[in-house]
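Start at 1 with the first residue, then count along the sequence. Treat the numbers as computed from the prediction; the structure is a model and nothing was measured.
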Amino acid sequence: MARKPMTPEKARQYWLKTSHLMWIVLAVWAALGVGVHVFAADLNHVVILGFPLGYYMAAQGSLIGFVILIFWYTRRQNDIDEDFHVSED
């Protein structure tokens with residue numbers, strides 16, 4: 001089944017939503033990638049399971065956050081694609 005081409009206005013709206021999502025993901029990525037490591041020394045005063053919290057957050061927490069971010073981004077982008085009828089079958 002052939003898809004109808006998108007009007008320029010719809011394409012602009014699609015790009016605005018997609019780029020807005022991209023900037024949100026970039027901000028969260030920067031916060032996880034840099035922010036956690038900046039405050040790691042301050043978090044080391046709290047100990048969980050024998051490991052300082054700063055070490056745990058830098059070594060494991062940010063990686064878990066990245067994986068969650070990937071799945072969240074994928075779901076949101078699929079929702080945007082479906083709203084504009086450009087999703088893959």
Side-chain angles (χ1 to χ4, degrees):
M1 181 166 118
R3 292 187 181 138
K4 293 188 286 186
M6 228 190 260
T7 64
E9 178 60 27
K10 279 281 196 196
R12 188 180 72 75
Q13 290 174 356
Y14 175 76
W15 174 244
L16 283 175
K17 282 193 171 197
T18 299
S19 63
H20 180 72
L21 178 62
M22 176 192 63
W23 285 111
I24 291 171
V25 168
L26 185 62
V28 173
W29 172 81
L32 288 172
V34 177
V36 169
H37 294 68
V38 167
F39 296 109
D42 296 331
L43 295 173
N44 282 336
H45 301 294
V46 179
V47 177
I48 297 176
L49 299 174
F51 295 100
L53 183 60
Y55 168 78
Y56 177 75
M57 289 303 292
Q60 300 296 323
S62 59
L63 294 175
I64 293 168
F66 289 141
V67 171
I68 292 169
L69 181 65
I70 289 169
F71 282 102
W72 178 80
Y73 166 76
T74 304
R75 195 178 105 232
R76 287 293 302 132
Q77 186 62 51
N78 282 338
D79 291 344
I80 292 171
D81 290 348
E82 287 177 7
D83 289 345
F84 286 89
H85 306 292
V86 294
S87 61
E88 297 180 10
D89 294 331

Checklist line | Atom of F84, atom of K10 and distance for their closest heavy-atom approach | finding: CE2-O, 3.7 Å
Note to self: Minimum heavy-atom separation for S62 and H37, please, with both atom names.
What the structure shows: OG-CE1, 4.0 Å
Do [X] and [Y] touch side chain to side chain, with heavy atoms closer than 4.5 Å?
X	Y	answer
I80	L21	yes
L16	Q13	no
T74	F71	no
P52	H45	no
N44	L53	no

Note to self: Side chains of Y14 and D83 only: does a donor on one sit below 3.5 Å from an acceptor on the other?
What the structure shows: no
Margin query: Distance alone, cut at 3.5 Å: any donor-acceptor contact between the side chains of N78 and E82?
Written below: no
Could you grab the distance from atom [atom1] of [X] to atom [atom2] of [Y], nearest 0.5 Å is fine?
X	Y	atom1	atom2	result
D81	E88	CG	CD	8.0 Å
I48	M57	CD1	CE	8.5 Å
W72	R76	CH2	CZ	6.5 Å
L69	I64	CG	CD1	13.5 Å
R12	M6	CZ	CE	13.0 Å

Notebook entry, point to check: Using 30° and 60° as the class limits, which term best fits the ring planes of F66 and W29: parallel, tilted or perpendicular?
Noted result: tilted
Margin query: With a 6.0 Å cut-off (strictly less than), is the heavy-atom count around NE2 of H20, excluding the residue itself, greater than 12?
Written below: no
Note to self: Please determine whether side chain to side chain contact (heavy atoms under 4.5 Å, CB included) holds for the pair L43 and Y55, giving the CA-CA distance in whole Å, both sets of side-chain angles, and the decisive distance to 0.1 Å.
What the structure shows: CA-CA 8 Å; L43 295 173; Y55 168 78; over 6 Å; no
Same cluster for [X] and [Y] if Ile/Leu/Val/Met/Phe/Trp/Tyr side chains link at under 4.5 Å?
X	Y	result
L63	F51	no
V28	W23	yes
M22	L32	yes

Next item on the list: Go through the structure and list residues passing side chain to side chain donor-acceptor pair (under 3.5 Å) with Q60, not counting sequence neighbours.
Entry: none
